Structures are given as C-alpha cells and as structure tokens.
Amino acid sequence: MGTQEKIFVIGHKNPDTDSICSAIAYADIKNQKSLVKKYIPKRAGQINEETQYVLKRFGVQPPAYLGNIGTQVKDMDIRVSPEADKSMSLKNAWDMMQENSIVSLPIRDKDGELEGLVTIGDIAKTYMDTTDSYFLSNARTQYRRIAETLSGKVVEGNEHAYFVKGKVLVGTANPQVLKEFVKEDDMVIMGNREEDHIQAIRLNVSCIIVGMGVEVSQKVLSLAHEKNIVVITSPCDSFTIARLINQSIPLRFVMKRDNLVTFNTEDFTDDIQDVMIKHRHRAFPVINKRGKCVGTISRRNFLDMHRKKVILVDHNEKDQAVDNIDKAEIVEIIDHHKLGSLETMKPISFRNEPVGCTATILYKIYGEERLEIPPKIAGLLCAAIISDTLMFRSPTCTQQDKIAASALALIADIKIEEFAKEMFKAGSNLKEKSPEEIFYQDYKKFIAEGNVTFGVGQISSMDKDELLEIKERLEPFMVSECGRHGVTRVYFMLTNILDESTMLLYYGEGSREMAESAFHIEPENGAFMLPGVVSRKKQIIPAMMEAAQLMTNEYA
C-alpha cells in the first residue's frame, strides 16, 4: 500500500526528561530540514511526573507510546483487492481476479467490512459440478446476472427478479417430447423454433433462454408477459449457454463465511508466521483498525517487508531500547552515554559526545544547521539539561551543558533556579505511587563481564525524609524483582539533590560484594551511603563494571 514513509525518533525504556524532550526536539530539527514532515517523536515507556510537568509547562503534547518497533502487517505490501460484493456473479468475479492476477477475493459489504472470501479454487469447483440441474435456483440467481453472463439481455420480464425454483435443461426435443421433461418453474435453454417457445410458456416455466441471437416473436413475448415469464436472448449457441450458465450464480452462494483466517494491520509479523504456515492459504484478508478489509497478504510478502525506520536518542544499549529493535532499521543515533551493545546492518550517523545531556548536543545541532529554536522546544531542552545534570551538580555536567542551558533559558524566557525547583518538586511527588512505579520510573539494565546482569534504578529528591520513606517501601519490592528479566543483582539510588549524595540500596546474590568492591565501604542499615555521588552514568556504572570484572577474574 502506498503510504508516506515515517521515521520514528525515540528514547529509551523508562524514559526520563532528556529521553522524551530530545526525541521531540530532534524530530523538530529533522522536520525543519525535510520537505515532508515524516519524523515523528515516540516514547518507549511511561512518562514520569517530572516530564509531565515539563511538557505541560511548555504546552507540548507527549509523544505517542511505541512499545514494540517490530514489523507489523501494515509494514508489508498489502495487496489492495478490487471492490467485490456478494451479489456479483462468479463470472464477473473470475474476470476481476484474472485481470488483477489474484487468487483470493475478499467480499465486502457496503461499509467495507469483510463478509466472506472467494478463491480461484472455489470458482473452479463450481465449474466442475455439472450434475446438479437445480444449482441456479438453489443459489437464488438473479435473471439480470444470467443475461450478463451469457452476453445477452432480458427482453421480457423483471430482470431484477430471482430464479428460485426449478431445474435448468436444454429444450431441443419437439413440443410433445418436451412436455414430458419440462416441469413448472423450470428454466429452459431453447433454439429458434417458435412452437417450442410457446410450448414452454404453456408449461409455466420460469424463464426461457433463446440462443444464437434469435429474435423472439412478438406472439411469444406477449404470452410470456401474460404469465410473468422471463425471456432472455443470447448470441451464444446452446452448448455455450449450458457451459456458461453456472457462472451466473452469486458469490454469496460459494464464498466462505465461517472461520476465516484474517490478520489485523496492527498484528506483528512474528505472531502471524505460524498461523500462515498452519493454514497454508494462498492469501489472507487484512483488516484495519476501523474494521475495514483493506486487502490481502501472502507468505511471499515476508520477502519484501518494510522495516520500520528509527532514530535513537539518549541511548545505544539494546536492553534499553524499544522492544524488537533488532527488527527495525536504525538510521541514526544521538547519545551521550558509553558505547553499548546495539548493532546495525550498515554504517549510520552516530553522534556521541561526552556531555551531561543529549539535549546539549541538540542545542549544538540547531546552531550548526542554522535552525531557529522554537521557545517551547528551548524550554524542553533546558529542562532536560537541568534534569540530567541535577541543576549542574552532577559530575557528568560540562561547561557546554551550562552554556546551552543558559542560552535555552533566554529563548524559553525562564529563570533556571526557579524553574528547577518547580520541576524537581513535581518529579519527587512520590507519595501516591506504588513501589513498582517508583522502581521502574528511571531504571536501566546492564551486562558486565562474566555475563553478570544487574539493574540500577534512581530517584532524585530535595526531601531527605521522603527518600527515607521510599527506602522502606522499596526494599521489600526489590526482593521480588530480583531474578526477573535475567537480572541477578538489583540496585536503587536514592539521590539527595541538595546535599549531593546517594543512598544505594541493593539485593541479590553477590550484590553487596560487588558494591563493596566498587566503593570500598561497607553498608549501613541495608544501604551504601555515597557522599558526592549523584550520577548513575559516571559514578555508579563504571565502578560497578570494574568491580564485576575483578570478581569474575577472582573466581576464574
């Protein structure tokens, strides 16, 4: 199906303010440089309170959720089927299928919803069924359709009426013999003899079909009119009429209605492959989100599937990326973290800088491309820098971050310190949140040497008492989370913005030993007290990775 190409710009799972705001800003940069606005910001997880506050503060709609970037049915070349309804004759359907080179024809109602399916095999089967003389009446075939199929016309009677009773036979015998075979309500294929026509009418047939282009006499037409008998003329000979007439029956008589195997445009291709293999149909109808049938797909469509195109911001780790990232085409990455585990099929643009926030890189790109920064985008980028650098307190913060934030604050018309207090206050409103919501608000998974998988979550607050309360609530939850998703060691950072310190919670076999090795201290009351530590990226993860390596070598 011909649709406008879309390229999604998306941050990591459990998105923070930088992840969301950078996706929005980079989509704006790309769209300003593109003739068609095809870059769409997305999010891979739930937006936290801090980010919600920022988006609302600057009047920006949150990006739509995209939890899985895998290929879907709508990414296939869906074959658009011609319009066909159940009243259409088999011959018309056959001609339509031959003209369009299709083997399966979806039958739709007037609203476009699927009513049934007809295949080439279904039509061929009816051609082979030559023993049932009541086939046309059982199918309730319309006289107009019969005339169309025979390239003829209805010269007498109601062409919109239906043949509903009687058999079809060829009336080539003389009138006396004809009387023995023809019954009331039958349909008779006849030659050019007027006496045969009159005899059939006297026998109260439903319809007579006169072939060879013979012009029926006025006497016959008058008698037929008196008895409401339909008269059809055709240029075909009797043999051809007898051969073609079964093709006039309506599709509703042969189409499959029950247990149809259909797919939705939103279905993921990983989920439908087994169904296709099991049923082995040549083609499968596709239904869109509005319940309309939009066409068909076949197994061949897997060969020319269109991978979704995606730009990643604020991450380059596979475990942090949207689900099924390996099924998508990554076209670009903008990040400020260490090199991760993602792989691409071909070279891409990958911009990675040692700054405190992805938003700082985007500020620089606006300048390099000489693009105007809209005030609301400037507000988002400034908020992202404040959040990621903890208002310039984090060791990840650079002079570039401070310069960018100051310039963006001027464009957005905000005062950094006042705005930061409001933003952090909104983000640390955790009293009504469940332990699970708090834990996964800003949580990332890492793999160290020796295949050690550990997860680190973080919450920042200006309220020491609030952090102590969260500690009591999180500790039991961490017990249940350890072991999920392959994570064997779980850590959580309770970061105090004001005094620039972190209380590090831990759980899981080897978690205490790894933290002791990383920070060279022992825990107090079930937590490691880390003064001066506020950055997961720069102060926690490198130390943990090194400790894991040392422990692996020690046990090797």
Side-chain angles (χ1 to χ4, degrees), residues 14-22 24-25 46-60 62 314 336 355-360 362-363 373-433 437-438 441-442 457-471 473 492-503 530-539:
N14 307 309
D16 57 10
T17 300
D18 184 27
S19 179
I20 296 294
C21 294
S22 290
I24 295 170
Q46 186 175 352
I47 296 176
N48 62 41
E49 275 82 355
E50 177 187 283
T51 310
Q52 287 178 9
Y53 169 80
V54 170
L55 293 174
K56 186 176 180 180
R57 171 70 170 75
F58 296 106
V60 177
D314 197 33
H336 69 120
V355 291
C357 184
T358 309
T360 301
L362 300 190
Y363 167 75
I373 306 178
K376 62 183 180 181
I377 297 293
L380 298 185
L381 292 177
C382 185
I385 296 172
I386 294 170
S387 176
D388 254 24
T389 66
L390 294 177
M391 205 172 72
F392 318 126
R393 287 173 167 80
S394 171
T396 61
C397 183
T398 67
Q399 190 63 27
Q400 295 180 64
D401 297 301
K402 294 177 182 178
I403 293 170
S406 298
L408 291 165
L410 286 174
I411 299 171
D413 192 24
I414 58 175
K415 295 180 179 179
I416 288 180
E417 290 193 13
E418 291 180 8
F419 174 74
K421 288 179 181 178
E422 294 171 3
M423 185 179 74
F424 287 131
K425 183 178 179 182
S428 63
N429 182 21
L430 305 171
K431 291 182 180 179
E432 296 181 2
K433 282 192 170 185
E437 290 174 316
I438 296 171
Q441 179 167 304
D442 185 7
Q458 183 176 23
I459 284 291
S460 300
S461 175
M462 293 183 172
D463 188 335
K464 180 180 179 181
D465 292 336
E466 181 180 46
L467 292 174
L468 289 172
E469 182 184 340
I470 292 171
K471 175 180 181 292
R473 296 170 61 193
F492 200 89
M493 299 172 62
L494 297 170
T495 300
N496 189 316
I497 298 171
L498 291 179
D499 66 13
E500 300 180 36
S501 67
T502 288
M503 184 191 312
L530 305 175
V533 173
V534 294
S535 170
R536 172 173 51 195
K537 179 180 74 174
K538 197 160 186 176
Q539 295 173 297

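All of these numbers come straight from a predicted model, not from anything done at the bench.
Q458 places no side-chain N or O within donor-acceptor distance of the main-chain N or O of S535, the cut-off being under 3.5 Å. A distance-only check finds no donor-acceptor pair linking the side chain of Q52 to the backbone of A426 [under 3.5 Å].
Using a 4.5 Å heavy-atom threshold, the side chains of T495 and V533 count as separate. Looking at M503 and L468, their side chains come closer than 4.5 Å, going by heavy atoms from C-beta outward. Counting only heavy atoms from C-beta outward, the side chains of I497 and V534 never approach each other to under 4.5 Å.
For the 3.5 Å distance criterion, the side chains of D401 and T360 qualify, holding a donor opposite an acceptor. Using modelled atom types, one finds a donor on one side chain and an acceptor on the other under 3.5 Å when comparing T17 with E50. Side-chain contact annotation: N48 with T51, donor-acceptor N/O pair under 3.5 Å present. Remark: the S394 side chain and the T389 side chain contain no N/O donor-acceptor pair separated by less than 3.5 Å.
Heavy-atom neighbours of K537 NZ from other residues, nucleotides or ligands within 6.0 Å: above the threshold of 12. Atom NZ of K425 has 12 or fewer neighbouring heavy atoms from other residues, nucleotides or ligands inside a 6.0 Å radius. Heavy-atom neighbours of E422 CD from other residues, nucleotides or ligands within 6.0 Å: above the threshold of 12.
How far CD1 of I416 is from CG of L410: 8.0 Å, rounded to the nearest 0.5 Å. For the atom pair CZ of F419 and OH of Y53, the computed distance is 5.5 Å after rounding to the nearest 0.5 Å. The structure places CG of N14 at 12.5 Å from CD1 of I47, a figure rounded to the nearest 0.5 Å. If you take CE on M391 and CE on M423, they are separated by 9.0 Å, rounding to the nearest 0.5 Å. Note: Y363 OH to I373 CD1 = 6.0 Å, rounded to the nearest 0.5 Å. Considering CD1 of I386 and SG of C357, their distance stands at 10.0 Å, rounded to 0.5 Å.
Partners of R57 by salt bridge (charged side-chain N to carboxylate O under 4.0 Å, His left out), not counting sequence neighbours: none found.
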Starting from the C-alpha separation in whole Å, work towards a yes-or-no answer on side-chain contact (heavy atoms from CB on, under 4.5 Å) for H336 and D314.
CA-CA 6 Å; H336 69 120; D314 197 33; 3.1 Å; yes
side-chain contact (heavy atoms from CB on, under 4.5 Å) between F58 and I414, intermediate numbers included:
CA-CA 11 Å; F58 296 106; I414 58 175; 4.0 Å; yes
Steps toward side-chain contact (heavy atoms from CB on, under 4.5 Å) verdict (T502, Q539)
CA-CA 11 Å; T502 288; Q539 295 173 297; over 6 Å; no
Does the side-chain contact (heavy atoms from CB on, under 4.5 Å) test come out yes or no for Q441 and I459, once each step is laid out?
CA-CA 8 Å; Q441 179 167 304; I459 284 291; 3.6 Å; yes
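Note on D499 versus K464: no salt bridge recorded, every NZ/NE/NH1/NH2 to OD/OE distance being 4.0 Å or above.
Closest heavy-atom contact between A359 and I385: CB-CG1, 3.9 Å. In plain terms, the two heavy atoms of S22 and L362 that are nearest each other are O-CD1, 3.3 Å. E466 approaches S461 most closely through the heavy-atom pair OE1-OG, 2.7 Å. When all heavy atoms of A384 and D18 are compared, the pair lying nearest together is CB-CA, 3.6 Å. Shortest non-hydrogen contact noted between A412 and P375 is CB-O, 3.7 Å. Here the closest non-hydrogen pair linking L498 and R393 is O-NE, 4.4 Å.
The side chain to side chain donor-acceptor pair (under 3.5 Å) contacts involving residues 406-421 comprise nothing, where partners must be two or more places apart or lie in separate chains.
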